[in-house]
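Counting starts at 1 for both ligands and their atoms, following the listed order.
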Amino acid sequence: MSSSSVRPFELRCEYQVNPLGIDTPAPRLFWKMDAGASHNAKQTAYQIIVNNGAKWDSGQVSSNESTHIAYAGLPLASGERTEWKVRIWGELDQPSEWSETSFWQMGLLKSEDWIARWISLPSTRPVSALQSPSYLRRDFQLTKPLLRATLYATARGVYLPYLNGKRIGNTLFAPGWTDYKKRIAYQTYDVTNELIAGANTIGAIIGDGWYAGYVAWGHRNHFYGTEPQLLAQLFLEYADGSSDTIVTDDSWCGANGPIVYSDILAGEYYDSRIALAGWSSPGFDKDKCRPVKVEKEHDTSILLTAQIDPPIRKTEEIPAKSVSRPMPGSYIFDLGQNMVGWVRLKIQGAPGTIVRLRYGEMLEQRKSLYVDNLRGAEATDTFILSGSGIKTFEPHFTFHGFRFVEVTGAIEAPTTNAITGIVIHSDTPKTGSFECGSPLVNQLVKNIDWGQRGNFIGVPTDCPQRDERLGWMGDAQVFVRTAAANRDVAGFFEKWMVDVVDAQSAEGAFSDVAPRAPNPPDGAPAWADAGVIVPWTIYQVYGSRQILTSNYSAMTAWIDFLVKENPNFLWLKRRNNDYGDWLSIEADTNKDLLATAYFAYDAWIMARIASVLNKQNDASKYEQVFENIKQAFNKTYVAEDGKVLGNTQTSYLLALRFNLLPDHLRPLAAKHLVDDIKNKGNHLSTGFIGVGYLCPVLSDAGYSDIAYTLLLNKTFPSWGYSIEHGATTIWERWDGWTEEKGFQDVGMNSFNHYSLGSVGEWLQRYAAGIDNDPDAPGFKHFFLHPHPDRRLGYVTASFESVHGTIASHWEYNGDDILLKMVVPANTTATITLPNAERTTHEVGAGTYEYAVKADN
Ligand code: BGC
């Protein structure tokens, strides 16, 4: 291979391509290495230059690292834009060509950089009612040729920014959900091309959002404040080197418009007869505008930080599949997919016609809309027509979880074209794919991704449809590895860990939900532990040491709190809302045992994290804590024949997955687990907590055949049962709907909860065999150890790691299994073949093909 045939590509900064608004002083840089078809390609050195070397020239650095390279040049100023490129060396002496030039732009680094003031439009309605979003605006003149214009903006509430009559950017529900009493994210937009010489207008619509609108259950609003506010600062850099700043202050004015209210849970009420045309363009009638209220001082204890997670965006449109008319005046549209977002309605009718859209996940008796499981979420959009001709409606500040939409009102019979589903979620790029010979499993894979998309909305939430939608920690920790197998969730979880730490109690207890809501409280086993499990998992998959360093003291506070409260190494105290193996099927795992197992797992992870961060004393301390818990666990819950207290599947799964048993008992415990599955007619009985460990533990113990049996089951309880009954997302409960009983209790029955979809981890790591090596995070070195099974026929899977695309394929061909695997440049892998000998190969980058004798 000639060295010049290597090439760095896909440059990223802080996981993003050409990001704006970076406020960490040493942004992390990433690239991938292209080495064509050459084998064993490795980077031996790199050189980064920033602003042609004026800011930073790293010089030639001997290193095979190409991810998380921290900027180490001259200090960067607020708003500064830097261009960077990289070249790399392979095996030969001469460097590659320089990469294409990328850039990043700094955000506002100091609180003094914010000269804008928070503004709001005093409401004309009683505070208790749902508020009408405000349209805030100001005119300004552009007098000189412009070099660049950058808008920094945020809200207490949610906002949509406008310039000269046009929506800026495509971010939805900005600034996203954080604990607004502690920090608020701001967004940065390049608006150079939106400005014109002469008169311009800047504006924003602001709504209640999580800040002031309904959150969780019980029709509770005003969690953080009563009045939505806007903060915006437009920085104008002129060609002559001078600059200007336009900020929110008393020169702004505001009005209420056609959006009567728009609330995440309640829905939107839009009266298009209330015209506010031209509100964000120059020349708008001043008389329609009321003065704004200006907050005098900045409360600097509330941090303004650049948004670091991928924005929430529209990512797909879904045409309606069919429309039916269960009764006169009511039309039900079927999108064919349980999805999250809203619909675009195109409709015609007399002025004043009220059209109501009601959203639901299921149908009752295959006919009418089923909404009982939405509990207190009204999930209703109302649109009042203003004139003749076809009108289009889309809500602004609400989202719904639904497959079906009921349209009512005095309208003519609509065709399916009247409704289009608009899918929204945190725009995490798809990085994993998995396809196999079983249509059932392929549908399961789709359902897992739809569950993830619909519930990753700024924070990982439990469900998108009912009055809840909270950042439940237990759900997040069981699903995080699957999430990372499926999409790039590095930035998403780095951001959420900030919410998790913000929600930690003064004593050190991680909460049950993050951002924290008034209740539930904190400390529930398997929920609070997300504070340790999530950073460790993100480090494993993406190699982010930063998620470990920045959360280290929070994590040690948590484990030290547990040890202090439970000096006998059984987690018996401070469990608060002890949920246990939530929603298991007639198999209650002992809660003391479950808690103690997680206690041990936390200590085990902490020992590893401490050692990664070179904190050897901590590492030995937590290793000892782990050993102590393990001993107490065995003494209290494990019998000599390998039986674990309660004999539930989850009790074995925890003991095996968290390495709590002595070696000689592991096979016995695995056998008891398998016996229980067989006694249940080859069925699982696990709830949220056990389910993700089920297939991995079975495979590790040599029972992949049983894992596949569970995977392919169609009878209750199984993933297949829901799919056989039409599921297009993962259900909250195995028995959300059954042939015998119909719908489960409406008090808690979501049809879009991702937790039971945590089998996605096993599909990638075991079925396809693309598995991370804990000692070489970020898939720098990884395992390819597929577990083929004839019942699936074939698997074709890929994973886009921070280094490049890993691929794994196997298929049965008579008595043989054919395999094809791809290892990206600058990484190495251990391939273990699924033959009787489990032959291994240590390989570098390249494409590898094998044929082995099938033993099943
Ligand atoms: C949520 C869960 C959550 C649980 C706590 C439910 O209401 O939907 O997913 O983890 O409460 O047990």
Side-chain angles (χ1 to χ4, degrees), residues 177 214-220 264-265 338 340 361 372-377 379 399-401 447-448 450-452 454-480 482-483 496 499-500 503 509-531 533-534 575-585 587-589 591 594-595 598 650 686-693 722 729-737 743-759:
W177 191 5
Y214 291 136
V215 173
W217 48 85
H219 277 94
R220 289 179 301 175
I264 291 175
L265 298 180
N338 197 3
V340 175
E361 294 181 289
D372 295 353
N373 68 330
L374 306 186
R375 305 195 311 216
F399 64 84
H400 313 291
N447 293 5
I448 293 170
W450 275 103
Q452 180 169 344
N455 282 299
F456 278 34
I457 300 194
V459 306
T461 62
D462 58 332
C463 59
Q465 71 296 84
R466 68 178 177 227
D467 56 350
E468 183 147 9
R469 314 186 197 185
L470 296 174
W472 281 100
M473 302 266 285
D475 308 42
Q477 70 86 0
V478 302
F479 191 70
V480 59
T482 296
W496 187 62
D499 301 330
V500 168
F510 284 123
S511 55
D512 295 0
V513 300
R516 187 179 269 262
N519 57 54
D522 40 49
W527 268 252
D529 307 295
I533 297 168
V534 167
R575 301 206 305 246
N576 282 332
N577 270 353
D578 214 6
Y579 305 105
D581 188 20
W582 193 243
L583 305 180
S584 58
I585 294 291
D588 283 338
T589 298
K591 288 185 177 175
L594 183 145
Y598 268 91
T650 294
T686 47
F688 277 25
I689 302 309
V691 66
Y693 310 137
S722 67
T729 35
I730 300 292
W731 293 355
E732 177 174 23
R733 322 176 69 122
W734 297 115
D735 57 356
W737 186 92
F743 289 116
Q744 245 285 6
D745 182 355
V746 298
M748 220 187 70
N749 196 21
S750 143
F751 291 96
N752 194 358
H753 243 68
Y754 52 65
S755 300
L756 298 180
S758 54
V759 64

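- Considering only residues two or more places apart in sequence or on other chains, Asp529 meets the salt bridge (charged side-chain N to carboxylate O under 4.0 Å, His left out) condition with none of them.
- Between the side chains of Asn749 and Glu732, no donor-acceptor pair is found at a separation under 3.5 Å.
- Side-chain contact, Asp581 with Thr650: a donor N or O sits under 3.5 Å from an acceptor N or O.
- Electrostatic pairing of Arg516 and Asp522 counts as a salt bridge here, judged by a charged N lying under 4.0 Å from a carboxylate O.
- By the ring-ring contact (aromatic ring centres under 6.0 Å, His included) test, Tyr754 pairs with Phe456, Phe479, sequence neighbours left out.
- Within 4.0 Å of ligand 1, counting heavy atoms only, the contacting residues are Asp462, Arg466, Glu468, Trp472, Asp475, Trp527, Tyr579, Trp582, Phe688, Glu732, Met748, His753.
- Partners of Arg469 by salt bridge (charged side-chain N to carboxylate O under 4.0 Å, His left out), not counting sequence neighbours: none found.
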